[in-house]
Peer 1: 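Would you mind keeping the following structure in view while I ask a few things?
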Amino acid sequence: MHSMTAASPKPAAASVPQKALEKLGLKRDIDLALHLPLRYEDETRITRLRDARDGDHIQIEARVMESEVSYRPRKQLIVTVDDGTDTCTLRFFSFYPSQQKALAVGNRILARGEIKGGFLGRTMLHPSFRAAGGDLPTALTPIYPTVAGLPQPYLRKAVLGGLARAELSDTFAPGDLSQLDTHIGSHPLWTLRQALQFLHHPTPDVSLDTLQDHSHPAWQRLKAEELLAQQLSQLQSRRARAALRAPELRLPLPEPPDSLHQRLLAVLPFGLTNAQRRVGAEIANDMRRHTPMHRLLQGDVGAGKTVVAALAAAICMDTGWQCALMAPTEILAEQHFRKLLGWLEPLGITTAWLTGTQKAKERRAMLALIESGEAKLVVGTHAVIQEKVHFKNLALAVIDEQHRFGVAQRLALRGKLKHDAMEPHLLMMTATPIPRTLAMSYYADLDVSTLDELPPGRTPIVTKVVNEARRDEVIERIHAQIAQGRQVYWVCPLIEESEALDLSNATQTHAELAEALGDVKMPNGDMAQVGLLHSRMPPDEKKAVMAAFVQGHTAVLVSTTVIEVGVDVPNASLMVIEHAERFGLSQLHQLRGRVGRGAAASACVLLYSTGDAPRLGESARERLKAMVETNDGFEIARRDLEIRGPGEFLGARQSGEAMLRFANLATDTVLLDWARKEAPMLLDKHPALAEKHVQRWLGTKAEFLKA
Ligand code: ADP
Ligand code: MG
């Protein structure tokens with residue numbers, strides 16, 4: 001059935017738009033065959049209006065009784081139809097004259113859509129329709145995920161073509177199918193070909209529910225396939241890494257007291273926490289080996305990851321090798337640079353600094369320092385992995401806030417920093433912890449260290465959710481903080497006024513606060529200054545604004561989310577987040593982590609606005625509630641996962657590259673267990689099948705998943 005609504009044009013003779021297909025990642029026949037429907041529409045049967053319930057998606061066959069265009073409250077086509085059991089009103093807010101003609105009084109039509117039983121009778125909004133007559137289809141109509149410019153009929157044609165041409169022989173090990181059978185309780189297990197045929201053309205007798213919730217045996221087979229591919233690719237990369245060489249960074253034991261590592265420990269203004277010591281030992285242990293370290297250091301905001309990285313760097317430099325530290329933003333890189341410089345320069349270490357906005361002359365000087373090996377430590381942004389940078393002998397690369405880097409950038413780092421066929425050790429740090437089961441399944445090729453203890457003497461941050469209507473009280477509170485010599489962050493979601501969203505504008509808030517706080521004195525007698533930081537400012541200006549805040553010259557920093565990652569100003573004790581309802585949970589937690597870094601009691605105010613709605617939406621409420629209830633990053637991560645589901649949760653940090661399309665790690669645990677056991681067996685006993693399986697499922701994405 002070719003529907004005639006404005007949304008779906010008639011398929012032309014022209015071939016399927018290749019560009020749009022590529023946008024969906026559909027290049028090979030197998031990619032098309034594995035592009036599975038999001039849902040199905042049932043055009044195989046006709047429901048009598050009398051039998052339809054409110055909210056049902058149904059198809060009716062009926063005669064047009066009335067058809068008129070109304071202009072109030074806006075232009076719409078209103079068509080009344082009668083199927084002999086009841087009547088129904090079809091409403092169209094956009095329509096072509098040809099459609100109006102097709103809906104002329106007296107015509108018999110088939111219409112398909114959601115039925116709503118209103119006070120004024122039943123209605124369907126923008127149903128698909130066509131003239132009645134001809135045969136009904138015998139299969140459900142699949143609706144595929146698509147992009148703009150690729151209407152369903154074209155995509156369907158391309159997918160079915162791919163399915164017909166694709167090579168679909170089984171890649172599961174012959175004897176092991178029965179094992180999976182018992183796992184998922186379906187006898188006999190569907191073959192891949194059967195499962196795909198079915199999912200692209202399900203017979204009408206199937207329960208739509210089992211298709212929708214992916215519990216149908218055909219879906220089970222597909223999910224098992226997908227999970228196996230993912231486990232295989234991780235196993236392959238783990239084994240590939242085990243075959244790589246890395247420099248062995250060994251300090252003699254016991255460590256000489258004049259080692260940089262020991263001297264750094266001695267000059268630190270604090271003692272390490274037990275967690276820092278334990279994690280430091282795990283890292284040192286990895287770096288002593290001749291296979292490259294691939295370790296994720298996760299620790300809540302403020303847990304003290306920087307010093308752990310600095311100590312690892314010290315060991316690396318002690319053994320005569322270079323070390324690089326890369327951060328996602330210039331502000332953060334600069335802050336690391338200063339901190340490390342403060343610790344290491346007095347100990348005689350030369351550090352180089354690299355960013356994309358550096359002046360050419362300075363940059364050349366830095367590149368020379370790096371190439372000659374004079375600079376033992378290199379700190380910077382993405383600039384560190386650019387082509388022109390040649391290290392003399394890089395042995396350790398530290399990536400801060402790793403989830404902010406794209407997978408491609410991480411690959412580039414590993415690819416380009418090779419030295420004498422050796423790979424550098426890799427330490428990735430994140431303040432957005434991944435729940436353990438997810439880490440194990442997604443990062444099978446990553447060892448995880450966890451800082452589960454905060455440095456002593458921190459007072460927990462008190463979080464309050466406050467309605468925007470009480471903004472004045474919040475500003476009063478800022479007065480009090482400033483008078484006590486404390487500093488305040490005020491975070492806004494966007495830089496420019498967007499009419500559609502009506503978000504408050506950082507510039508406007510800055511002006512408002514400067515006005516409201518203009519006459520407040522800081523304890524040193526200076527008048528309070530309000531700074532403004534946003535992502536469109538030139539880097540020099542950003543640096544100056546940040547420096548003024550770090551040095552305590554500005555009392556309040558109004559900022560867009562550029563301050564999100566890693567900024568460390570211990571004297572800041574109040575964080576106000578405007579339009580908190582628009583932020584994700586992890587992001588809120590990261591922002592909150594900017595305060596509570598000193599000994600003073602700190603607070604976080606989440607200002608929210610419901611706009612025109614009477615109250616906040618469900619998920620926004622859940623997020624704000626979680627923020628009030630816990631300060632623990634791991635608990636936040638768990639709740640975030642619960643609110644968003646694993647696909648989206650991880651999707652965000654995998655630069656949009658959805659890793660699992662069909663399986664759900666939280667609910668498909670039985671299949672995941674099977675895939676975990678099956679992957680090593682298949683790889684050892686049937687390596688050709690294993691390779692074929694990975695290529696089939698991941699194709700060019702296989703490299704990405706290994707990063
Ligand atoms: P994050 O893990 O968020 O990157 P940082 O490394 O920025 O945290 O550390 C936060 C603050 O805690 C810094 O000011 C740092 O110097 C301080 N710090 C780190 N370790 C300790 C410790 N063991 N005792 C006291 N303060 C510490
Ligand atoms: Mg940090």
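For ligands, and for the atoms within them, numbers begin at 1 and follow the listed sequence. Note: hydrogens, waters and symmetry copies are ignored here, and every other heavy atom, side chains too, is used.
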Peer 1: Would you check the N or O atoms of W343, main chain and side chain alike, for any that come under 3.5 Å of an N or O of ligand 1?
Peer 2: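 There is no such contact.
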Peer 1: Checking the side chain of T355 only, and the main-chain atoms of T357 only, is there a donor and an acceptor separated by less than 3.5 Å?
Peer 2: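 Present.
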Peer 1: Under a 4.0 Å heavy-atom limit, does K339 contact ligand 1 with its side chain, its backbone, both, or neither?
Peer 2: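 Just the side chain.
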Peer 1: Is the closest side-chain donor-acceptor distance between Q276 and T273 under 3.5 Å?
Peer 2: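 Yes, side-chain donor-acceptor contact under 3.5 Å.
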Peer 1: With a cut-off of 3.5 Å and sequence neighbours excluded, list every side-chain donor-acceptor pair involving residues 337-345.
Peer 2:
{"residue": "R338", "atom": "NE", "partner": "E334", "partner atom": "OE2", "Å": "3.3"}
{"residue": "R338", "atom": "NH2", "partner": "E334", "partner atom": "OE2", "Å": "2.6"}
{"residue": "K339", "atom": "NZ", "partner": "D568", "partner atom": "OD2", "Å": "2.9"}

Peer 1: With heavy atoms of P455 as the reference, note each atom of ligand 1 found under 4.0 Å away.
Peer 2: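 It comes down to these atoms of ligand 1: 20 (N), 21 (C), 22 (C), 24 (N), 25 (C), 26 (N), 27 (C).
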Peer 1: Tell me every residue that passes side-chain contact (heavy atoms from CB on, under 4.5 Å) with A548, counting only those two or more places apart in sequence or in another chain.
Peer 2: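 side-chain contact (heavy atoms from CB on, under 4.5 Å) check on A548 returns H553, T554.
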Peer 1: Can you tell me which portion of L272 lies within the under-4.0 Å heavy-atom range of ligand 1? Options are side chain, backbone, both, or neither.
Peer 2: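 Answer for L272: backbone.
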Peer 1: At less than 4.0 angstrom from any non-hydrogen atom of T273, what atoms of ligand 1 do you find?
Peer 2: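 Listed by number with element, the hits are 23 (N).
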Peer 1: Does at least one non-hydrogen atom of P570 fall below 4.0 angstrom from an atom of ligand 1?
Peer 2: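 It does not, in that no heavy atom of P570 comes within the 4.0 Å cut-off of ligand 1.
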Peer 1: Closest by any non-hydrogen atom to atom 8 (O) of ligand 1: pick that one out of G633, G299, G304.
Peer 2: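 Looking at heavy atoms only, the winner is G304.
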Peer 1: Go through ligand 1 atom by atom and flag the ones less than 4.0 Å from a non-hydrogen atom of T306.
Peer 2: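 With T306 as reference, the close atoms of ligand 1 come out as 4 (O), 5 (P), 6 (O), 7 (O).
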Peer 1: For H579 and E581, test the side chains for any donor-to-acceptor distance below 3.5 angstrom and give the result as yes or no.
Peer 2: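 Yes.
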Peer 1: May I ask you to decide whether R263 forms a salt bridge with D318, counting only side-chain N to carboxylate O separations under 4.0 Å?
Peer 2: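 A salt bridge is absent here (no side-chain N lies under 4.0 Å from a carboxylate O).
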Peer 1: Taking 4.0 angstrom as the limit and counting only heavy atoms of G271, give me the atoms of ligand 1 inside it, by number and element.
Peer 2: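 That gives atoms 22 (C), 23 (N), 24 (N) of ligand 1.
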Peer 1: Could you tell me whether P456 and ligand 1 have an N or O pair separated by under 3.5 Å?
Peer 2: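 There is no such contact.
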Peer 1: When you measure from the side chain of R623 to the backbone of F583, do you find a donor-acceptor pair of N or O atoms at a distance under 3.5 Å?
Peer 2: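 Present.
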